[in-house]
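Below is one structure; the comments refer to it alone.
Worth knowing before you read on, the calculation uses all heavy atoms, side chains too, and leaves out hydrogens, waters and symmetry mates.
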Amino acid sequence: MKTQLIVAAAIASTAGAFSVSNEQSARRQFLQTASTAAASTILFPTIASAEIAVPEQSKEYEFPSEWGLTYSYETDAARVRSHMVTATGLAKGSDRMEDFGKNLKKEMIDFVSYYRRFPQVAGKPSFSTLYTSINVLAGHYTSYGYKYPLPEKRRKRLYQEYAEIDKSLKRSR
């Protein structure tokens with residue numbers, strides 16, 4: 001596929017050599033520039049679309065002892081994110097998976113219920129992305145229960161969002 005695109009870009013770049021008039025030359029130059037830009041976008045994707053490594057599901061994890069809110073946004077967001085990452089990586093049959101899911105769902109609901117009232121917090125990118133992730137995970141729990149692990153496609157999306165949340169929290173955004 002990449003070879004075909006490189007060949008297409010090379011052909012498009014040589015199209016200007018066979019120009020007939022200035023008007024046609026300008027059109028060909030535009031098409032050449034547009035096709036080269038399109039080919040480079042496909043061949044060299046941006047860093048923002050970098051692949052996120054999705055870890056294998058595991059039955060082994062450390063059950064958290066601290067649940068609930070501390071009412072400090074950065075601390076609570078990092079804790080909820082951490083618990084969500086653990087929940088996303090749990091495999092079917094994990095020890096205390098149902099207890100973990102119930103505690104996490106309560107923590108997620110408490111987090112959203114408390115922090116969405118504050119405009120200075122609700123406007124942060126980390127909050128909006130975390131809110132989206134919470135909706136995905138809570139929806140999974142509502143539809144499938146606490147014992148059923150997340151499908152691969154949903155896990156991949158959540159891990160991408162967790163990476164964005166982590167970056168935003170490190171920047172205090």
Side-chain angles (χ1 to χ4, degrees), residues 1-5 38 40-173:
M1 177 67 183
K2 287 185 180 182
T3 307
Q4 292 171 341
L5 290 173
S40 66
T41 302
I42 293 169
L43 292 174
F44 308 109
T46 61
I47 295 173
S49 65
E51 283 293 313
I52 300 293
V54 178
E56 291 293 319
Q57 291 180 327
S58 173
K59 291 184 178 185
E60 297 180 20
Y61 69 100
E62 186 176 326
F63 193 87
S65 59
E66 295 182 1
W67 294 97
L69 303 179
T70 62
Y71 302 102
S72 165
Y73 174 73
E74 284 76 18
T75 305
D76 290 341
R79 180 183 292 173
V80 170
R81 180 198 165 278
S82 172
H83 290 165
M84 290 175 70
V85 169
T86 302
T88 304
L90 292 179
K92 190 169 186 162
S94 296
D95 188 38
R96 297 180 70 186
M97 185 174 185
E98 190 169 2
D99 292 337
F100 190 94
K102 287 178 180 178
N103 286 343
L104 178 58
K105 189 165 182 183
K106 182 184 180 333
E107 186 178 63
M108 291 186 306
I109 290 169
D110 291 346
F111 178 84
V112 169
S113 298
Y114 181 74
Y115 286 109
R116 72 175 165 200
R117 295 183 281 172
F118 303 108
Q120 68 272 21
V121 172
K124 290 184 174 200
S126 61
F127 180 79
S128 61
T129 309
L130 187 54
Y131 197 160
T132 302
S133 300
I134 286 171
N135 282 335
V136 170
L137 195 54
H140 174 81
Y141 285 151
T142 300
S143 298
Y144 302 102
Y146 302 105
K147 293 181 180 180
Y148 190 77
L150 283 95
E152 191 66 26
K153 189 174 181 181
R154 192 170 296 147
R155 289 178 63 234
K156 182 177 181 181
R157 176 179 166 202
L158 283 171
Y159 280 120
Q160 288 172 340
E161 290 177 358
Y162 298 153
E164 287 178 35
I165 294 164
D166 193 39
K167 287 178 193 173
S168 294
L169 286 173
K170 286 180 181 175
R171 295 179 188 148
S172 296
R173 299 183 79 207

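Counting heavy-atom neighbours within 6.0 Å of R154 CZ, excluding the residue itself, gives a total above 12.
Listed for the S94 side chain is no donor-acceptor partner under 3.5 Å among the backbone atoms of L90. Under the 3.5 Å distance criterion, the side-chain polar atoms of T75 are left unmatched by any main-chain donor or acceptor of Y71. Although no hydrogens or angles enter the test, the distance criterion places a donor-acceptor pair under 3.5 Å between the side chain of E107 and the main chain of G68. A donor-acceptor pair under 3.5 Å is absent between the side-chain atoms of R79 and the main chain of L69, judged by distance alone. One N or O on the side chain of S113 and one on the backbone of I109 form a donor-acceptor pair closer than 3.5 Å.
A perpendicular orientation is assigned to the rings of F118 and Y114, their planes being inclined by more than 60° (bins at 30° and 60°). Note: Y131 and F127 have perpendicular aromatic rings, judged against thresholds of 30 and 60 degrees for the angle between ring planes.
Partner R157 forms a side chain to side chain contact (heavy atoms under 4.5 Å, CB included) with one of V54, V136, T88 and no other, that one being V136.
At a threshold of 4.5 Å between non-hydrogen side-chain atoms, the residues K124 and R173 do not count as touching. Proximity of M97 to Y146: side-chain heavy atoms (C-beta onward) are nowhere separated by under 4.5 Å. The shortest side-chain heavy-atom distance between L150 and L137 falls under the 4.5 Å cut-off.
Here L158 contributes atom CG and R81 contributes atom CZ; the two are 11.5 Å apart, rounded to the nearest 0.5 Å.
Closest non-hydrogen pair, H83 versus E66, comes out as CE1-O, 3.1 Å. Nearest approach of S126 to I165, heavy atoms of both residues: O-CG1, 4.2 Å.
With ring centers used as reference points, F100 lies under 6.0 Å from Y61.
A138 is linked by a side-chain contact (heavy atoms from CB on, under 4.5 Å) to K105, M108, counting only residues two or more places apart in sequence or in another chain.
Looking at K156 and E152, no side-chain N of the basic residue comes within less than 4.0 Å of a carboxylate O on the acidic one, giving no salt bridge.
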Worksheet item: Are Y162 and T129 close enough, and set up right, to give a side chain to side chain contact (heavy atoms under 4.5 Å, CB included), and what steps lead you there?
Response: CA-CA 8 Å; Y162 298 153; T129 309; over 6 Å; no

